Amino acid sequence: MTIKEKEKLSNYLNLIAENVQSSIGYPIATDYDYSMLYDLFRYSLNNAGDPFIERTHGMDSFIFEREVIAFFAALFRAPENNYSGYVTNGGSEGNLYSLYMARELYPKGIVYHSSESHYSVSKSIRLLNMPSIEIRCGDKGEMDYESLKEAIEKNRHLPVIIVANIGTTMTEAVDSIAAIKCILQELAVESHYIHCDAALSGAYLPLVEDNSEFDFKNGIDSISCSGHKFLGNPFPCGIVVVKKDNKECFGKYIPYIDSLDTTISGSRNGHSPVFLWYAIKKYGKEGLAQRALESISLAKYTVKQLQERNITAYCNEKAITVVFPKPTATVCRKWNLATKENLAHLVCMPGISKDTIDRFIEDLLQDSVQNTAFSLEPTYI
Ligand SMILES: *Cc1c(COP(=O)(O)O)cnc(C)c1O
């Protein structure tokens with residue numbers, strides 16, 4: 001490697017180390033230390049195939065993957081003897097997998113999802129060539145149930161496949177499974193499938209709620225979550241939990257990998273499950289709940305600080321995403337803010353301190369003073 005190339009690498013490392021200090025717009029936890037696992041990087045770990053099928057010899061981490069799935073299955077109150085799933089490449093893959101399952105179960109089904117659903121939902125629908133109906137949302141990003149009811153009523157003879165957002169990407173709004181189930185009951189819909197896209201909130205809400213609405217006990221059929229968001233993981237990954245019975249709709253035996261082909265990807269990252277397992281064991285359920293409570297309280301603090309300075313800001317109940325009027329491009333870039341139309345958000349992830357929030361607000365105020373054309377008037381939201 002040339003000196004120049006070495007320099008390029010070290011510059012990159014320095015840049016990333018600097019950027020992480022002001023990266024508050026995307027939901028990535030940064031409070032981790034996985035140094036105990038660094039030895040694993042000497043090996044190629046590959047989890048191709050179904051983690052619930054034992055292999056006699058393999059460079060896989062199935063024993064960890066099964067425990068990770070068991071942890072989340074219990075968190076989402078999946079039936080003890082009838083759950084399955086795997087560690088995905090991210091929340092998006094879990095959405096694709098679940099919709100694929102729903103389509104195999106109900107080939108004639110129509111997918112209903114809200115206008116605030118993540119882009120991976122509409123992409124999956126296109127990939128799977130499924131008919132779908134987009135439902136409009138209220139001001140804060142929650143699905144409009146009246147519209148959902150009307151849409152289902154018109155097609156009640158066909159199976160209903162719902163994608164419920166458990167924390168929308170922009171405002172972290174949670175669609176109500178109870179309200180959705182009520183509609184299905186009122187309209188006497190016989191065949192239905194409820195999938196929850198819980199990429200961010202799914203990993204922490206059940207830790208701080210007694211009876212999370214969005215779980216298997218309350219009638220869901222599958223749930224997808226990101227592993228690198230709340231839990232914190234240096235590489236993108238996710239968790240999808242489904243009902244084992246439903247998995248029988250796919251899963252052809254493939255001699256080459258000595259397993260059933262029940263996953264979307266072929267080769268899968270074998271390190272991720274060990275890292276996820278490590279995080280779960282290190283924090284424990286209580287430790288994870290504590291982290292969640294700290295994030296929720298930091299979000300409340302942020303909203304209060306912004307409002308005290310006359311900046312309209314809000315945060316959905318128990319959410320850690322704070323929404324406010326979109327600042328100038330300079331501030332958005334510096335703080336890596338996520339924006340949509342005239343809104344921006346930051347996410348109070350574990351690893352972000354009060355001090356970081358204070359520095360951000362100072363920047364925001366200074367910038368709005370310098371840019372007289374820009375206003376943080378309440379009319380923005
Ligand atoms: C982040 C996110 C996703 C996608 O998850 P990835 O892990 O990035 O694939 C899907 N849905 C929602 C609501 C998200 O916030």
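Since the model is a prediction, treat every value here as computed from it, not as a measurement. Ligands are counted one by one from 1 in listed order, and the atoms in each one are counted from 1 as well. Below, all heavy atoms of this structure are taken into account, side chains as well, without hydrogens, waters or symmetry copies.
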Open item on the list: Any non-hydrogen side-chain atom of Leu346 less than 4.5 Å from a side-chain atom of Ile352?
Closed with: no
Task: Fellow cluster residues of Tyr12, listed by chain then number, with links counted only when side-chain atoms sit under 4.5 Å apart - done: Ile16
TODO: Not counting sequence neighbours, which residues clear side chain to side chain donor-acceptor pair (under 3.5 Å) with Thr2? List them please.
DONE: Glu5
Dump all N/O pairs between ligand 1 and the protein below 3.5 Å as a table: atom names plus distance, one pair per row.
| unit_1 | atom_1 | unit_2 | atom_2 | d |
| --- | --- | --- | --- | --- |
| ligand 1 | 5 (O) | Ser226 | OG | 3.3 |
| ligand 1 | 7 (O) | Gly91 | N | 2.7 |
| ligand 1 | 7 (O) | Ser226 | OG | 2.7 |
| ligand 1 | 9 (O) | Gly91 | N | 3.2 |
| ligand 1 | 9 (O) | Ser92 | N | 2.8 |
| ligand 1 | 9 (O) | Ser92 | OG | 2.6 |
| ligand 1 | 11 (N) | Asp197 | OD1 | 3.0 |
| ligand 1 | 11 (N) | Asp197 | OD2 | 2.7 |
| ligand 1 | 15 (O) | Lys229 | NZ | 2.9 |

Anything under 3.5 Å between a donor and an acceptor, one on a side chain of residues 206-220, the other on a protein residue two or more places apart or in another chain? List them.
| unit_1 | atom_1 | unit_2 | atom_2 | d |
| --- | --- | --- | --- | --- |
| Glu209 | OE1 | Ser212 | OG | 2.7 |
| Glu209 | OE2 | Lys318 | NZ | 3.3 |
| Asn211 | OD1 | Arg77 | NH2 | 2.4 |
| Asn211 | OD1 | Asn218 | ND2 | 3.3 |
| Glu213 | OE1 | Ser176 | OG | 3.2 |
| Glu213 | OE1 | Ile177 | N | 2.9 |
| Glu213 | OE1 | Ala178 | N | 3.1 |
| Asp215 | OD1 | Lys217 | N | 3.3 |
| Asp215 | OD1 | Asn218 | N | 3.1 |
| Asp215 | OD1 | Asn218 | ND2 | 3.2 |
| Asp215 | OD2 | Arg77 | NE | 2.5 |
| Asp215 | OD2 | Arg77 | NH2 | 2.9 |
| Asn218 | ND2 | Ser212 | O | 2.9 |

TODO: Could you tell me whether Glu317 and Lys140 make a salt bridge, using a distance below 4.0 angstrom between a side-chain N and a carboxylate O?
DONE: no
Open item on the list: Less than 4.5 Å apart, side chain to side chain, heavy atoms only: is that true for Tyr83 and Val242?
Closed with: no
